[in-house]
Amino acid sequence: MTTSWTYWKNDLAKRLSDVLGGAVSPDDIVVPPDRSLGDFAFGCFKLAKAMGKSPADIAKEIASKMNFGQSDFTSASAAGPYVNFTLSVGEAVHRVVRDIEVLGEKYGSVETKKADELLLEFAQPNTHKEIHVGHLRNLVLGQALSNVLSAAGWKVVPMSYHGDVGAHVAKCLWWLGKGFRFQVSGFSVEQADKLLDQIPVERRTGKFLGEMYAEASRQLEANPEWKDEVSDVQRKLEAHDPAWEKLWRETRRWSLDEFATIFDDLGVKIARQYLESEVVDRGQEMVDHLLKQGVAKESQGAIVVDLEDKKLGVFLIRKSDGTSLYATKDLALAELKLKEYPKAERSLILVDNRQSFYFKQLFETLRMLELNPVPEFVGYEFVTLKSGAMSSREGNVVTYQDFRNEVISYSTEEVVKRHAEDKWNDGKIEHTAWCIAMAGMKFGMLKQDNDKVFTFDLEQALSFDGDTGPYCQYAATRLASILRKAGSTPSDSPFVRGREDEPLTRSFDHTSEKALALTLAQFPVKVAQAAEELRPSLVAQWCIDAAQRVNEFYRDVNVLESEGELKEGRLRLIAAARSALVAGLGLLAIPVPDEM
RNA sequence: GCGCCCGUAGCUCAGCUGGAUAGAGCGCUUCCCUGCGGAGGAAGAGGUCUGAUGUUCGAAUCAUCACGGGCGCACCA
């Protein structure tokens, strides 16, 4: 369905083509820098050359020839080299409200008959480590991307991938054993049971395992001679030694359970969870195969793929001690994905930009193996603290749990403060505070572009003033409040729908109404662009814009004091505005409370 | 040394497929609650868009080169 924004541009392009006797593309229709100039504009620069006249003269000529008749537009006027077009307030608002009422929660989404499949890998925290705010950017961005791409008509398969084997696990478990005074060699199943029994339930967390890992890294730094023990542990794990495997399975469960809880809380939805342990054996096989084919070769005891001729250096795919690397497993993962989803059109991998070189090497190798489609790298810059970059190896991280608790306690405090007299029950307070906390955290991470290093500042993250998620929620909430007072709100859903057959007035008369409607009209275009450019930040920016227009409308137009069909129309406008705003925030996986 | 990314207001960022006086938020200075909810709104101060050259009728936007900062570049992930 063609929604209003596109409809208007197409309409203007057609009328201009008629006047000029040549093709004008809708893409040539732009928006003036100042709303008082008009709602749309057409620059005459390109025509000037072809027609041999000055742009200003052409603009005047077009303005005088434009005849709108039956149309949403009321006037065209020349201003320098531009022709500006103005929409009728009544027609503009009418059309946008109708769009939203027809589409409801689908407003902004493309309807497709047969969606192409797109694999989206994100959410790659490793087991045996804690989740920190660096991971949060990936999780939040990934889920938003998943939503935005779905809205744009892709059949998205969101997938997670967890490093549950490899050096970091070996280090963690090695230190777990050593720290509890067990001998690494000759470690038995009974000893593994004994060790596990010694760890109290409340310590069976990712945080605890992360501390073990960080401590192991420190110990190895100080005592390099222990590296052989760690290699030994990793080899035993890869050989499925019963004792180490037991310890590994149990500790891994702690991590995976924790992930499930956190993903659920964040609204992260994964269709297929991959584990490195699923692909490690096949990865080693593929390395052998590559060796046989002559694609890979031995170098300093390790196995590498030489990519020097592509200016990508050498790609290490097996360590000299015979154990696997990230790359060993990634080769097999790529193969497995294609086996399970043979119809996939595209495959995206969302990872930290610092890994871009590695992924270029990986993709080049996949190309040599003819594993198509070769994935697309979607990068984002890392999250840093004022004190410096976070590293789980060094242990200077803000864990997600700590951050979340901080934000929740702050938002709870605010909610309680604002509703001291409203007799809200604990459940309502808790839910509202959770919605606001989610909005604060997620919006803060989504509103800026992926390629900006994100400096995490707790104080800033806790502020809900200005262009923040809670600001957008607040705008939607005030609209809901008006609807409630008018007694016309559907309590179960914020989305308007099914009123498109009821007559709607065209008597809207305020510029704030039109400004709001025009912003709402841009939503589908922004979503499409966000999907095309893989930038959910565009949707976040739109949400701020929409909330600002809502606040201006709120200031300028009193809905409940209007009368007759205009009041009814305005109620439908704000219901539509709320519906669109909730849809926009929904794409960012941000919930909107009824009240706040 | 080579490669990738960033450089726009005091701070955090939009704008970048070239076009009208460069926009927000925070902070700062003033206002606005007997008004549909002040997590809000209005106004003000604050800019050689890092610099240079080039392309163009036109450059924050494109190209090249500097400068500044960040991040990568084989047994970590």
Side-chain angles (χ1 to χ4, degrees), chain A residues 27 30 32-34 37 41 43-46 48-49 54-55 79-82 84 124 126 129 163 166-168 171 217 231 276 299-304 311-327 329-330 351-358 360-361 379 381-382 384 389 391-393 411 414-415 418 436 439-440 444 447-455 457 460 463-475 477-486 537-538 540-541 544-545 547-548 550-552 554-562 570 574 595-596:
Chain A
D27 294 337
V30 297
D34 187 333
L37 292 165
C44 304
F45 306 97
K46 280 171 197 153
K49 207 177 273 175
S54 83
Y82 289 93
N84 292 315
Q124 306 105 328
N126 289 336
K129 284 187 186 179
H168 76 282
K171 276 189 196 173
S217 299
S231 287
E276 285 189 2
S299 169
Q300 297 170 31
I303 308 301
V304 301
K311 297 201 167 132
L312 290 172
V314 284
F315 186 40
L316 188 66
I317 56 176
R318 178 187 287 161
K319 293 197 277 187
S320 53
D321 67 3
T323 62
S324 66
L325 281 155
Y326 207 37
K329 293 163 271 198
D330 260 333
V351 279
D352 190 316
N353 262 340
R354 285 178 293 195
Q355 295 182 43
S356 68
F357 183 72
Y358 162 77
K360 271 183 199 156
Q361 293 182 317
E381 279 294 346
F382 60 98
T384 181
S391 158
S392 45
R393 221 187 297 182
S411 62
E414 291 294 309
V415 170
R418 284 161 215 266
I436 296 168
K447 75 177 175 195
Q448 68 184 274
D449 245 316
N450 306 354
D451 52 13
K452 286 277 196 318
V453 173
F454 186 88
T455 303
D457 179 350
Q460 207 172 302
S463 164
F464 295 156
D465 294 330
D467 51 6
T468 61
Y471 171 83
C472 299
Q473 289 176 320
Y474 183 63
T477 300
R478 283 171 125 186
L479 296 179
S481 177
I482 300 175
L483 293 170
R484 245 192 319 274
K485 287 214 162 105
S537 66
L538 295 176
Q541 302 289 347
I544 291 173
D545 196 22
Q548 284 174 340
V550 165
N551 281 324
E552 283 167 16
Y554 188 88
R555 176 198 62 206
D556 293 337
V557 178
N558 192 306
V559 175
L560 294 181
E561 285 175 16
S562 355
R570 283 176 169 163
I574 62 176
E595 298 175 74
M596 63 187 278

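Residue numbering restarts at 1 for every chain, and letters A, B, ... go by the order of the sequence lines.
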Participant: Should Lys452(A) and Glu381(A) count as an ion pair when the cut-off is N to O under 4.0 Å?
Facilitator: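 Not counted as a salt bridge, because no side-chain N and carboxylate O are separated by less than 4.0 Å.
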Participant: Distance between the P atoms of G15(B) and G54(B), in whole angstroms?
Facilitator: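 G15(B) and G54(B) have their P atoms separated by 29 Å.
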Participant: Side chain of Phe464(A) only, heavy atoms from C-beta on: which candidate in A14(B), A39(B), A77(B) is closest?
Facilitator: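 The answer is A39(B).
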Participant: Whole-Å distance between G37(B) C1' and Leu479(A) CG?
Facilitator: 11 Å
Participant: With heavy atoms under 4.0 Å as the rule, sort Ala48(A) into base, sugar-phosphate or nothing.
Facilitator: nothing
Participant: For Pro81(A), report the nucleic acid contact type (base, sugar-phosphate, nothing); a contact means any heavy atom under 4.0 Å.
Facilitator: nothing
Participant: For the pair Asp449(A) (side chain) and Asp451(A) (backbone), establish whether a donor and an acceptor sit closer than 3.5 Å, ignoring hydrogens and angles.
Facilitator: no
Participant: Between the side chain of Gln124(A) and the main-chain N/O of Val351(A), is any donor-acceptor distance below 3.5 Å?
Facilitator: no
Participant: Does any nucleotide pair with G72(B) by Watson-Crick or G-U wobble geometry, both distances under 3.5 Å, and what is it?
Facilitator: C2(B)
Participant: Are there any protein N/O atoms within less than 3.5 Å of an N/O atom in nucleotides 55-63 of chain B, and if so, which ones and at what distance?
Facilitator:
none

Participant: Side chains of Asn551(A) and Arg478(A): do they bring a donor and an acceptor to under 3.5 Å?
Facilitator: yes
Participant: Compare the minimum distances between each of U12(B), G37(B), C36(B) and the side chain of Gln448(A), then state the nucleotide with the smallest one.
Facilitator: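 For Gln448(A), the side-chain atoms sit closest to U12(B).
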Participant: Expressed as a whole number of Å, how far does the P atom of C57(B) sit from that of C26(B)?
Facilitator: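 Pairwise P distance, C57(B) against C26(B), rounds to 43 Å.
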Participant: In whole angstrom, give me the gap between the P atoms of C11(B) and U64(B).
Facilitator: 29 Å
Participant: Start with the C-alpha gap between Ile574(A) and Tyr554(A), add the side-chain angles, then the distance that decides, and say whether side-chain contact (heavy atoms from CB on, under 4.5 Å) holds.
Facilitator: CA-CA 10 Å; Ile574(A) 62 176; Tyr554(A) 188 88; over 6 Å; no
Participant: What is the nucleic acid contact for Asp451(A), judged by heavy atoms within less than 4.0 Å: base, sugar-phosphate only, or nothing?
Facilitator: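 Contact class for Asp451(A): sugar-phosphate only.
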Participant: Between C1' on G38(B) and CD on Gln473(A), what's the gap in Å once rounded to a whole number?
Facilitator: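 Value for this atom pair: 17 Å.
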Participant: Of the listed nucleotides (C36(B), C13(B), A20(B)), which one gets closest to any side-chain atom of Tyr82(A)?
Facilitator: A20(B)
Participant: Would you mind telling me which of A39(B), G37(B), C76(B) lies closest to the side-chain atoms of Thr477(A)?
Facilitator: G37(B)
Participant: Anything under 30° is parallel, anything over 60° is perpendicular, the rest tilted; go ahead and classify Tyr358(A) against Phe315(A).
Facilitator: tilted
Participant: Could you give the distance separating U61(B) and C16(B) at their P atoms, to the nearest angstrom?
Facilitator: 12 Å
Participant: If each of Asn84(A) and Gly166(A) is mapped to the nucleotide of RNA chain B with the nearest heavy atom, which maps nearer the 5' terminus, i.e. the 5' end?
Facilitator: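 That would be Asn84(A).
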Participant: Report the nucleotide, chosen from C36(B), G70(B), A14(B), that has the shortest atom-to-atom distance to any side-chain atom of Gln541(A).
Facilitator: A14(B)
Participant: Under a 3.5 Å cut-off for both contacts, is A24(B) paired Watson-Crick or G-U wobble with anything, and if yes, with which nucleotide?
Facilitator: U12(B)
Participant: If you compare all heavy atoms of Pro55(A) against all heavy atoms of Cys44(A), which two are closest, and at what distance to 0.1 Å?
Facilitator: O-CB, 3.7 Å
Participant: Can you check C33(B) for me, syn or anti if syn means within 90° of 0?
Facilitator: syn
Participant: Between A77(B), C36(B), G38(B), which one does the side chain of Arg478(A) approach most closely?
Facilitator: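 When the side chain of Arg478(A) is considered, G38(B) is the closest of A77(B), C36(B), G38(B).
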Participant: Sticking with atom P, work out how far U48(B) lies from U56(B), rounded to a whole angstrom.
Facilitator: 29 Å
Participant: Please list, pair by pair, any protein nitrogen or oxygen found under 3.5 Å from a nitrogen or oxygen in nucleotides 21-25 of chain B.
Facilitator:
{"from": "G25(B)", "atom 1": "O4'", "to": "Asp467(A)", "atom 2": "OD2", "distance (Å)": "3.4"}
{"from": "G25(B)", "atom 1": "O2'", "to": "Asp467(A)", "atom 2": "N", "distance (Å)": "3.4"}
{"from": "G25(B)", "atom 1": "O2'", "to": "Asp467(A)", "atom 2": "OD1", "distance (Å)": "3.2"}

Participant: Please state how far atom CG in Asp457(A) lies from atom P in G27(B), giving the value in whole angstrom units.
Facilitator: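 In whole Å, G27(B) P and Asp457(A) CG are 13 Å from each other.
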Participant: Below 3.5 Å is the cut-off: list the nitrogen or oxygen pairs between protein and nucleotides 72-74 of chain B, distance only.
Facilitator:
{"from": "A74(B)", "atom 1": "N6", "to": "Gln300(A)", "atom 2": "NE2", "distance (Å)": "3.3"}
{"from": "A74(B)", "atom 1": "N1", "to": "Ser299(A)", "atom 2": "OG", "distance (Å)": "2.9"}

Participant: So if I take every side-chain heavy atom of Gln460(A) and compare against G15(B), U12(B), C36(B), which nucleotide ends up nearest?
Facilitator: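 It is U12(B).
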Participant: If I take atom CG in residue Asp449(A) and atom P in nucleotide U8(B), what distance separates them, rounded to the nearest angstrom?
Facilitator: 15 Å
Participant: Given the P atoms of C71(B) and A20(B), what is the spacing between them in whole Å?
Facilitator: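 Straight-line distance between the two P atoms is 37 Å.
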Participant: Using a cut-off of less than 4.0 Å, is there contact between a side-chain N or O of Tyr554(A) and OP1 or OP2 of G37(B)?
Facilitator: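 Answer is yes, contact under 4.0 Å.
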Participant: For atom P, what is the distance between U12(B) and A77(B), given to the nearest Å?
Facilitator: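 That atom pair is separated by 34 Å.
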Participant: Check whether any side-chain heavy atom of Gln460(A) lies under 4.5 Å from a side-chain heavy atom of Ser463(A), and answer yes or no.
Facilitator: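 Answer no - side chains too far apart.
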Participant: Answer with yes or no whether Asn551(A) presents, from its side chain, a donor or acceptor under 3.5 Å of a partner atom in the base of A42(B).
Facilitator: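 Under the 3.5 Å cut-off, the side chain and the base do not form any donor-acceptor pair.
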Participant: Using a cut-off of less than 4.0 Å, is there contact between a side-chain N or O of Lys452(A) and OP1 or OP2 of G7(B)?
Facilitator: yes
Participant: For the C1' atoms, the ones on U53(B) and on C6(B), what distance do you get once it is rounded to whole angstrom?
Facilitator: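 To the nearest whole Å, 22 Å.
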Participant: Go through C71(B), C5(B), G40(B) for me and flag the one nearest to the Tyr471(A) side chain.
Facilitator: G40(B)
Participant: Counting only N and O atoms by type, is there a donor-acceptor contact under 3.5 Å from the side chain of Thr468(A) to the main-chain atoms of Tyr471(A)?
Facilitator: yes
Participant: Of all the choices, G41(B), A39(B), G37(B), which nucleotide is nearest to the side chain of Arg418(A) once you look at every atom?
Facilitator: A39(B)
